Enquirer: 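First the structure, then my questions, so here it is.
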Amino acid sequence: MTYKTLIAPSVLSADFSNLEAEIKAMDAAGADWFHLDVMDGHFVPNISYGAPVIKAMRPHTKKIFDVHLMIAPCDAYLKDFADAGCDVITIHSEAGPHPHRSLQYIKSLGKKAGLALNPATPISALEHVMDLVDLILIMTVNPGFGGQSFIDLSDKIAHVRNMINKSGRDIHLEVDGGVTPETSKIVRNAGADVLVAGTASFKGGPNAYAQNILNLRGDH
Ligand code: DX5
Ligand code: ZN
């Protein structure tokens, strides 16, 4: 099966004092999606931004808003992220006692539903939700911070790619954490089709964004 590689810059690495310009520059540079990392200081040891900031970014691009919720519990906030203009809403497997219910709820809001697996989360967490998910996110760092070193989980990524192919469903396989032009090749070869990159997308400022994206895509 062939699929296009999508690059999803993580806004966590953008200049927060200038988000409108950052979003517009990254859009013009060829980003496919925007990855929005929401952290609550509880599920992960860091706090980032929430739905009001996403709502403020929304008018500045037409591209997919891919929100990665590192919050627990998540259910009470899902509608806020749908209303803020997120297109894909991803929760963590451990974000509440009933991930199946949370995924159902995201679908009922008319949004695509994603499930994220931490490096230590087993693949079996996916087994009974394959009919519900539109995206599976494999974390290649422990969530909470940008700029961490890549953990090579190629076997896990390849295993999930096989599960997706067997399911016959149209499910994106996204990888997040430490993705650089070098590690991008590893995760693409293992079967990922959506690559999140914070540090590697935003480094060097707006004039470098287009080349950064080409480098991550691997078609340079
Ligand atoms: C980590 C976040 C990532 C992060 C990636 O918890 O989920 O999306 O922003 O940053 P880099 O690409 O710098 O590892
Ligand atoms: Zn993320």
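Excluded from the calculations below are hydrogen atoms, water molecules and symmetry mates; all remaining heavy atoms, backbone and side chain alike, are included. Counting convention: from 1, in listed order, for ligands and their atoms alike. In this text, all values refer to a predicted model and were calculated from it rather than measured experimentally.
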Enquirer: If you measure from each non-hydrogen atom of Pro143 to ligand 1, which part falls under 4.0 Å: side chain, backbone, both or neither?
Expert: both

Enquirer: Decide yes or no for Met139 and Leu117: does some side-chain heavy atom of the first lie under 4.5 Å from some side-chain heavy atom of the second?
Expert: no

Enquirer: Could you check which of Ser13, Gly147, Ser201, Ala8 puts a non-hydrogen atom nearest to atom 11 (P) of ligand 1?
Expert: Gly147

Enquirer: As an exercise, identify every atom of ligand 1 less than 4.0 angstrom from a heavy atom of His68.
Expert: 7 (O)

Enquirer: Any nitrogen or oxygen of Asn142, main chain or side chain, under 3.5 Å from a nitrogen or oxygen of ligand 1?
Expert: no

Enquirer: Among His35, Met57, Glu22, which one satisfies side-chain contact (heavy atoms from CB on, under 4.5 Å) with Val11?
Expert: Met57

Enquirer: Just jot down the ligand 1 atoms closer than 4.0 angstrom to any heavy atom of Asp176, in number order.
Expert: 2 (C), 3 (C), 4 (C), 5 (C), 7 (O), 8 (O)

Enquirer: I need the nearest protein heavy-atom contact for atom 10 (O) of ligand 1: residue, atom name and distance, please.
Expert: Gly146 CA, 3.5 Å

Enquirer: Can you name the atoms of ligand 1, numbered from 1 with element, that are less than 4.0 Å from a heavy atom of Ala197?
Expert: 12 (O)

Enquirer: In terms of side-chain heavy atoms, does Ser48 have a donor or acceptor partner in Asp37 at a distance below 3.5 Å?
Expert: no

Enquirer: Is Arg188 close to Asp193 at the side-chain level, that is, under 4.5 Å between some pair of heavy atoms?
Expert: no

Enquirer: I'd like to check which ligand 1 atoms, numbered from 1 as shown, lie under 4.0 Å from a non-hydrogen atom of Val196.
Expert: 8 (O)

Enquirer: Any side-chain donor paired with an acceptor under 3.5 Å for His68 and Asp66?
Expert: no

Enquirer: Looking at every heavy atom in both Ala192 and Ile157, which two are closest together, and how far apart are they?
Expert: N-CG2, 4.0 Å

Enquirer: Which heavy atom of Arg217 sits nearest to which heavy atom of Asp32, and what is that distance?
Expert: NH1-OD2, 2.9 Å

Enquirer: Determine, using ring centers only, whether Tyr49 and Phe16 are less than 6.0 Å apart.
Expert: yes

Enquirer: Among all residues two or more places apart in sequence or in another chain, which pass the salt bridge (charged side-chain N to carboxylate O under 4.0 Å, His left out) test with Lys24?
Expert: Glu20

Enquirer: Same cluster for Met70 and Val141 if Ile/Leu/Val/Met/Phe/Trp/Tyr side chains link at under 4.5 Å?
Expert: no

Enquirer: Check ligand 1 against Thr199 and write out every atom of the ligand that is under 4.0 Å from a heavy-atom position of the residue.
Expert: 11 (P), 12 (O), 13 (O)

Enquirer: Considering only protein heavy atoms, which is closest to atom 6 (O) of ligand 1, and at what distance to one decimal place?
Expert: Gly144 N, 2.8 Å

Enquirer: Short list, please: which atoms of ligand 1 are under 4.0 Å from a heavy atom of His35?
Expert: 8 (O)

Enquirer: Side chain, backbone, both or neither: which applies to Leu12 and ligand 1 if a contact is any heavy-atom pair less than 4.0 Å apart?
Expert: side chain

Enquirer: Would Gly178 count as a polar contact of ligand 1, with the cut-off being nitrogen or oxygen pairs under 3.5 Å?
Expert: yes

Enquirer: Have a look at Asp37 and say which of its N, O or S atoms is nearest the Zn ion (ligand 2).
Expert: OD1

Enquirer: So is Gln148 polar-close to ligand 1, meaning N/O to N/O under 3.5 Å?
Expert: no

Enquirer: Among the N/O/S atoms of His68, which is closest to the Zn ion (ligand 2)? Give the atom name.
Expert: ND1

Enquirer: Do Thr180 and Phe150 touch side chain to side chain, with heavy atoms closer than 4.5 Å?
Expert: no

Enquirer: Under 4.0 Å from any heavy atom of Met39, which atoms of ligand 1 are there?
Expert: 6 (O)

Enquirer: Does any N/O atom on Gly198 come nearer than 3.5 Å to any N/O atom on ligand 1?
Expert: yes

Enquirer: What protein heavy atom sits nearest atom 2 (C) of ligand 1, and how far away is it?
Expert: Asp37 OD1, 3.4 Å

Enquirer: How wide is the angle at the Zn ion (ligand 2) between OD2 in Asp176 and NE2 in His35, to the nearest 10°?
Expert: 100°

